[in-house]
2 protein chains.
Amino acid sequence: MEDIVRRTTTDAVYEKLHDEIVSLEILPGTKLSETEVARRFGVSRQPVRNAFTRLGTDELLVIRPQKATEVRGFSMERIELARLVRMAVELEVVNRAIQVWDATREAKLAENLALQEQAVRDGDLPAFHALDYDFHKLIYVLGGHPLAFEVMLECKQKVDRLCLLSLEKGSEAEAILAEHREIAAGMASGRLEQAQSSMRKHLSRLDETIAFIHETHPNYFE
Amino acid sequence: MEDIVRRTTTDAVYEKLHDEIVSLEILPGTKLSETEVARRFGVSRQPVRNAFTRLGTDELLVIRPQKATEVRGFSMERIELARLVRMAVELEVVNRAIQVWDATREAKLAENLALQEQAVRDGDLPAFHALDYDFHKLIYVLGGHPLAFEVMLECKQKVDRLCLLSLEKGSEAEAILAEHREIAAGMASGRLEQAQSSMRKHLSRLDETIAFIHETHPNYFE
DNA sequence: ATAAGGAGACTAGTATCCAAGTTTTGTCAA
DNA sequence: TTGACAAAACTTGGATACTAGTCTCCTTAT
């Protein structure tokens, strides 16, 4: 009794446009026409419309009646909001995770940390990024709140689109790994205060990057 | 140069349906047909479709191709997620608010508390509920994060729809007021720990109600 | 030269038709 | 009575024609 969900044309258009926007292939301020996009994808206007409204609720497009819809620019307010929510959720999940932390969970996190170390030694940045992702996800999963990870991801993605503007592929991997260790240590020792402040410091890492982008690319902001 | 946003038919249908669903006039599991709703509102199917997709992203409707769209039931997972996110955001906002707290802000919160006290004395529950709302909002606004209030509201509404099933119009106003005072005291004294734990206790108030509803109305859950 | 005005080329919203899949229903046979 | 099976009556998704508002640019008059 599978619950196979048919993939609609709308889905396809949505996903492609979403990718193009968050990867900055389509820059903020770009005007998108329904008929134009429909032609490009070889579909009718209807699925494009559906995709547009979805992207609108994602805050990626600005849609106004009888006006050209365009790719939404960044706004410092929304970026800060997304960062606040992510910060809040991560801190609370750390809190909940600590309540149920045990040797098994600690071992799993330690295993991930070991792999991170390996990746840093090998200078394998892609692997490290994947492990970075897993590290954060592990805290959610082991803490018993996997769904919250999705919420956090949504926030993260909004900031990621912005940070693509700064090309520093920061080989700060060592520093990041050190912070991960600090967080893990806080959780292992059951020190909520320490674990949370480590996480807070870790998540604040992007502060300067964002401020820098705000100065260097003011035209992409509303 | 006003930015008047034209109200579309889609908006009207969306708002009406939204109200009917969150107020439980339309119960979970109810099947909604596009043509049916279109007839009822005297409009064509298209705006109804638009409204449906919006309600789908609100997680109020389950839409599957070629199958009847129905009002989504509750799921304990989603309820708990909404509560976690709200809890997380409220705690973080309290944190940020404390950083900037001063006599002026304290006075404004105190003014609200005085009005709450008045409402309780008068037994004016509607007024008290409005002031309750304002109390929480004040912390966001005074703390400098008004947008985060909207995020919290979204979470709250998901839980509110559930809690409508329990008719206890709790005249626990006094208890709530006491908790509000505790939170305000924590903020005024700058004791983050105390303010947050007060807020945590305050938001946990619904725990039993939700568990109770989960037991008494299992048919409304997925 | 400049400003007002109008035509036309855009825009998105709505209505309606058709396609494709699901569910219900009713008939007929065992 | 009950089962199978076919047909009809649903469902939503997609395509397209039409409506109505907005913007741009060119003409025309001052």
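Here is the naming used below: chain letters follow the sequence lines, and residue numbers restart at 1 for every chain. Hydrogens, waters and symmetry mates play no part in the numbers below; they use all other heavy atoms, side chains included. All figures in this text were calculated on a predicted structure; none of them were measured in a lab.
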(request) Just call it for A:Q46: base, sugar-phosphate, or nothing, with non-hydrogen atoms closer than 4.0 Å on any strand. (result) base
(request) Give a yes-or-no answer on whether the side chains of B:D58 and B:Y14 include a donor-acceptor pair shorter than 3.5 Å. (result) yes
(message) Does D:dT11 have OP1 or OP2 under 4.0 Å away from a side-chain N or O of B:T35?
(response) yes
(request) Give the ring-plane orientation class for A:F149 versus A:Y140, where under 30° counts as parallel, over 60° as perpendicular and anything between as tilted. (result) perpendicular
(request) Identify the heavy atoms of A:K158 and A:I79 that sit nearest to each other, and give their distance. (result) O-CD1, 3.9 Å
(request) Just say parallel, tilted or perpendicular for the rings of A:Y220 and A:H217, cut-offs at 30° and 60°. (result) parallel
(message) Using the side-chain heavy atoms of B:T9, tell me which of these nucleotides is nearest: C:dT23, D:dT12, C:dT14.
(response) C:dT14
(request) Using only side-chain N and O atoms of A:R49, determine if any of them is under 4.0 Å from OP1 or OP2 of C:dG13. (result) yes
(request) Give the nucleotide from the list D:dC23, D:dG13, D:dA17 with an atom nearest to the side chain of A:K67. (result) D:dC23
(request) On DNA chain C, check which nucleotide each of B:K31 and B:G42 is closest to and give me the residue with the more 5' one. (result) B:G42
(message) Which nucleotide wins on minimum distance to the side chain of B:S33, given the candidates D:dT11, C:dG13, C:dC17?
(response) D:dT11
(message) Nearest to the side chain of B:V43, heavy atoms from C-beta on, is which of C:dA15, D:dA20, D:dG14?
(response) C:dA15
(message) Heavy atoms from C-beta onward define the side chain here; which of D:dT12, C:dT14, D:dA20 lies closest to that of B:I63?
(response) D:dT12
(request) Looking only at side-chain atoms of B:S44, point me to the closest of D:dG14, C:dT14, D:dT12. (result) C:dT14
(message) If you only use heavy atoms from C-beta on, which nucleotide in C:dT22, C:dA12, D:dG14 is closest to the side chain of A:T69?
(response) C:dA12
